[in-house]
Enquirer: 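There's a structure below that I have some questions on.
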Amino acid sequence: GEQAAHCLAARACLRRRLSVWRAASQRRRAERAQETLRQARAQARAASRTGQVEARRRGRIVAALDGKTSEALAVLTLAAEGPRPFALLPADAARRAIVSLRGAIAAYDADYRLAQISDAASPRAEARRRADDALALLQEAERGARGEVRE
């Protein structure tokens with residue numbers, strides 16, 4: 001009888017220990033899951049911030065391209081108001097506008113995401129096309145101005 005009582009007590013003790021161990025184990029698992037979740041959320045937040053920063057940077061590149069295109073068109077408009085087309089456009093003014101616009105185009109092309117835009121109707125692709133058109137007009141104007149300088 002004493003041995004049976006001892007056995008029961010040992011079993012009960014073992015059950016308590018097992019129960020404590022299971023609870024601790026469950027707590028550790030829950031803590032690990034929480035930590036994993038916390039890390040995943042932190043990474044998502046960081047990625048989102050990076051994405052937002054990148055998007056803003058690309059927006060600034062496109063805005064700069066639009067600005068330089070507008071400047072180029074303003075230079076051309078001033079030239080066209082002369083008695084003869086390009087008469088008022090000194091070759092160096094055209095050259096400066098060309099260099100400036102080429103710089104903005106290069107910054108646009110250097111951004112992989114901008115350079116890879118497949119949607120031709122997107123405002124960013126439109127900005128790039130307008131810049132190309134303005135550049136072609138400026139180059140033509142510069143040649144005209146140089147031709148008139150030589151006369």
Enquirer: Could you walk me through whether R128 and D109 pass the salt bridge (Lys or Arg N to Asp or Glu O under 4.0 Å) test, one step at a time?
Expert: CA-CA 9 Å; R128 181 66 176 78; D109 290 346; 2.8 Å; yes
Enquirer: Please report the interatomic distance CG(D132) to CG(L65), rounded to the nearest 0.5 Å.
Expert: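 D132 atom CG to L65 atom CG measures 8.5 Å (nearest 0.5 Å).
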Enquirer: Can you sort out the partners of R102 under side-chain contact (heavy atoms from CB on, under 4.5 Å), two or more places apart, ordered by chain and number?
Expert: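 Checked R102 against side-chain contact (heavy atoms from CB on, under 4.5 Å); matches are R95, I98, L135, Q139.
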Enquirer: Just how far is it from atom CD of Q43 to atom CZ of R41, taken to the nearest 0.5 Å?
Expert: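 Spacing of CD (Q43) from CZ (R41) equals 13.0 Å.
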Enquirer: Does any pair with a residue in residues 46-64 pass side-chain hydrogen bond (donor to acceptor under 3.5 Å, both in side chains), and if so which ones, sequence neighbours excluded?
Expert: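 Sorted result for residues 46-64: S48-Q52, E54-R57, R57-D111.
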Enquirer: So does R129 pair up with E126, basic N to acidic O under 4.0 Å?
Expert: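 So R129 pairs with E126 through a salt bridge.
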Enquirer: Could you pull out the closest heavy-atom pair between E71 and S100, with the gap in Å?
Expert: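 Looks like OE1-OG, 4.3 Å.
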Enquirer: What residues form a side-chain contact (heavy atoms from CB on, under 4.5 Å) with E35, not counting sequence neighbours?
Expert: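 Partners of E35 under the side-chain contact (heavy atoms from CB on, under 4.5 Å) test: R38, Q39.
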Enquirer: Do you know the tightest heavy-atom contact between D119 and A125?
Expert: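 Of all heavy-atom pairs spanning D119 and A125, the closest is O-CB, 3.6 Å.
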Enquirer: How close do Y108 and I61 get, heavy atom to heavy atom, and via which atoms?
Expert: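 Shortest heavy-atom contact: CA-CG2, 3.6 Å.
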Enquirer: With sequence neighbours excluded, give me every salt bridge (charged side-chain N to carboxylate O under 4.0 Å, His left out) pair touching residues 2-25.
Expert: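 Residue pairs passing salt bridge (charged side-chain N to carboxylate O under 4.0 Å, His left out), neighbours aside: none found.
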Enquirer: Are any non-hydrogen side-chain atoms of R29 and S25 less than 4.5 angstrom apart?
Expert: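 Sidechains of S25 and R29: in contact.
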Enquirer: Sequence neighbours left out, what passes salt bridge (charged side-chain N to carboxylate O under 4.0 Å, His left out) with R130? Give chain and number order.
Expert: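 Per chain and number, R130 pairs via salt bridge (charged side-chain N to carboxylate O under 4.0 Å, His left out) with D66.
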Enquirer: What distance do L76 atom CG and L138 atom CG have between them, rounded to the nearest 0.5 Å?
Expert: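 Here the interatomic distance stands at 4.5 Å.
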Enquirer: Rounded to the nearest 0.5 Å, what's the gap from SG on C13 to CG on L8? Could you check?
Expert: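 With rounding to 0.5 Å, SG (C13) is 12.5 Å from CG (L8).
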Enquirer: Tell me the closest heavy-atom pair linking A94 and E142, and the distance in Å.
Expert: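 Result for this residue pair: CB-CB, 3.7 Å.
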Enquirer: In chain order, what residues pass the side-chain contact (heavy atoms from CB on, under 4.5 Å) check against D133, with sequence neighbours excluded?
Expert: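 If we apply the side-chain contact (heavy atoms from CB on, under 4.5 Å) test to D133, skipping adjacent residues, there are no hits.
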Enquirer: Could you report the tightest heavy-atom contact between L73 and A134, atom names first, then the distance?
Expert: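 Distance-wise, the nearest heavy atoms are CD2-CB, 4.0 Å.
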Enquirer: Please name the pair of heavy atoms, one in L101 and one in A131, separated by the smallest distance, quoted to 0.1 Å.
Expert: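 The answer is CD2-O, 3.5 Å.
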